[in-house]
Amino acid sequence: MFTIEWFANFGFSVLRLSTPLIFVALAAVINRKAGMLNMALEGMMLSAALAGVIFAGFSGSVWIGLFGAVIFGVLSGGVLAVSNLSGKTDLYLTCIAFNLVAGGGTVFVMYLLTGEKAATSAAIKAYTIPSVVIPLIDKIPFLGQVLSGHNLLTYLAFLGIYLVWFFLYRTRLGLRMRAVGENPQAAASVGINVKKIGYVSFLVSGVLCGFAGAFMSMGWVSFFMKNMTNGRGYIGLSAMNIAGSNPIGTAVAAIFFGFSDALATTLKSQGTNFPTEFIEMIPYAATIFALVLINMIRINQKKRIEKGLKREGA
């Protein structure tokens, strides 16, 4: 059962299933660095996923579909920004409302356009973002099977880890965003436009959610399906919390959840004796376990620091 071929296929599946989680987790990092916890990532992904299929299906171009997904991701971020930053609504309630609207709204739009309420596969022609074969690497045994032949967005997700890190820690705008997240009053006192930074964070996160949604409907599968994000937005948010909004640590956490998802998918496909409900629970149970473990470690570290300070004070 556990052959080299099996491990290669499993590794390929881990990277594939990690792709939307990396995108959406990085989107959560961008918002968090600006001092906001964006809980609407699930709805933003879902809207982008449907937009990608619609734009691709009616235009006949997968690239227009990808562009449409990103545009709707940005528009979703813009709606949240206007509501929270200009309309002064409560961010958490706004995010919950947006997720509910996206969940029902995407089904409603799908029904208006296709007459279907479950999936677009029968009514809209499928388009898939192409895969990329990496020269030379694809010839290497095992490594080539794991790393080569992925969807273009998978490679873009891993490139995005570096780009988000570079943006936050090596650009002036990234520095200002982190300053606003740390102390908005202090940032405003030195002339930084706090509202503008907030808008930028929502729009950038919208781009990332657009890519995540496009991968779900034009990479993972080639159609839109009701609630197809299936909690991945919340898992991405958890990955960001686990890593303390560090882009690299967040990506590692997202890959861990991708590993859990791949494990569940593999167990299900091989017809094990485990109940289906138990197998489907694995990614979410892994999320809870990781959050509890990391928080316990942080609490113990805090206690050690407090004990050390007491000893020095004594």
Side-chain angles (χ1 to χ4, degrees), residues 2 6-33 37-39 41-42 44-45 142-143 145-151 153-165 168 205 208-209 211-213 215-216 219-220 228-270 272 274 276-301:
F2 296 109
W6 185 91
F7 281 108
N9 291 333
F10 182 75
F12 185 92
S13 182
V14 169
L15 297 184
R16 178 172 172 264
L17 293 173
S18 297
T19 299
L21 297 177
I22 292 172
F23 276 127
V24 76
L26 292 175
V29 167
I30 292 292
N31 281 127
R32 191 59 181 158
K33 287 297 185 182
L37 187 65
N38 184 0
M39 296 176 64
L41 300 169
E42 183 84 2
M44 294 169 73
M45 283 178 66
F142 183 77
L143 192 64
Q145 292 174 275
V146 174
L147 299 180
S148 183
H150 284 281
N151 186 281
L153 289 179
T154 297
Y155 300 112
L156 185 59
F158 282 89
L159 176 62
I161 300 168
Y162 170 75
L163 293 177
V164 168
W165 173 86
L168 289 172
S205 69
L208 293 166
C209 285
F211 284 129
F215 179 84
M216 292 300 298
W220 183 52
M228 69 185 307
T229 49
N230 200 25
R232 285 176 173 82
Y234 298 111
I235 292 176
L237 196 64
S238 299
M240 181 276 295
N241 282 324
I242 286 170
S245 70
N246 177 279
I248 297 174
T250 296
V252 171
I255 294 170
F256 167 73
F257 294 134
F259 171 87
S260 304
D261 202 357
L263 180 62
T265 303
T266 301
L267 290 174
K268 191 188 300 184
S269 65
Q270 291 185 346
T272 59
F274 293 106
T276 303
E277 293 79 9
F278 174 80
I279 294 173
E280 291 177 347
M281 182 185 72
I282 289 176
Y284 310 103
T287 304
I288 295 171
F289 174 77
L291 284 169
V292 171
L293 180 63
I294 294 298
N295 282 330
M296 287 176 64
I297 292 172
R298 286 174 180 166
I299 290 169
N300 286 332
Q301 287 177 340

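Just so it is clear, the values below take in all heavy atoms, side chains as well, and ignore hydrogens, waters and symmetry mates. All values derive from a computational prediction rather than experimental measurement.
Closest approach of Leu21 to Ala254, counting heavy atoms only: CD1-O, 3.7 Å. Scanning both residues, Asn151 and Gly219, for their nearest heavy atoms gives ND2-CA, 3.5 Å. The minimum heavy-atom distance between Ile22 and Ala251, with the atom names listed, is CG1-O, 4.5 Å. Taking both residues in full, the closest heavy atoms of Phe256 and Ala290 are given as CE2-CB, 4.1 Å, listed atom of the first, atom of the second, then distance. The minimum heavy-atom distance linking Phe10 with Thr266 is given by the pair CD1-OG1, 3.5 Å. The minimum heavy-atom distance between Val146 and Gly11, with the atom names listed, is CG1-C, 3.9 Å.
Between Leu156 and Leu153 the shortest side-chain heavy-atom distance falls below 4.5 Å. Contact annotation: the side chain of Ile282 approaches that of Leu267 to within less than 4.5 Å [non-hydrogen atoms, C-beta and beyond]. For the pair Leu168 and Ile30, the minimum side-chain heavy-atom distance is below 4.5 Å. Side-chain contact check for Asn31 versus Leu37: every heavy-atom pair is 4.5 Å or farther apart.
Checking side-chain atoms of Asp261 against main-chain N and O of Phe257 turns up no donor-acceptor pair under 3.5 Å. Between the side chain of Ser13 and the backbone N or O of Asn9, no donor-acceptor pair lies under 3.5 Å.
Considering CZ of Arg232 and CZ of Phe215, their distance stands at 9.0 Å, rounded to 0.5 Å. We find the CD1-CG distance between Ile288 and Leu291 to be 8.0 Å, quoted to the nearest 0.5 Å. A distance of 13.5 Å separates OH in Tyr234 from CG in Asn241, rounded to the nearest 0.5 Å. The line from OG of Ser245 to CZ of Arg32 is 7.0 Å long, rounded to the nearest 0.5 Å. Glu42 contributes atom CD, which lies 8.5 Å from atom CD1 of Ile235 (distance to the nearest 0.5 angstrom). One distance of note links CH2 of Trp165 with CG of Leu26; it measures 14.0 Å at 0.5 Å rounding.
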For the pair Ile242 and Leu293, evaluate side-chain contact (heavy atoms from CB on, under 4.5 Å) and give the outcome as yes or no after the intermediate values.
CA-CA 9 Å; Ile242 286 170; Leu293 180 63; over 6 Å; no
From CA spacing to verdict: side-chain contact (heavy atoms from CB on, under 4.5 Å), Asn230, Tyr284
CA-CA 11 Å; Asn230 200 25; Tyr284 310 103; 3.2 Å; yes
Chi angles and distances behind the side-chain contact (heavy atoms from CB on, under 4.5 Å) call for Phe158, Ile255
CA-CA 10 Å; Phe158 282 89; Ile255 294 170; 3.7 Å; yes
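Counting only residues at least two apart or on different chains, the side-chain hydrogen bond (donor to acceptor under 3.5 Å, both in side chains) pairs with a member in residues 14-24 are Thr19-Thr154.
In this pair, His150 and Phe12 present their aromatic rings parallel. The plane angle is below 30°, not in the 30 to 60° band.
For Phe289, the CZ atom counts as loosely surrounded, since its 6.0 Å shell holds 12 or fewer non-hydrogen atoms of other residues, nucleotides or ligands.
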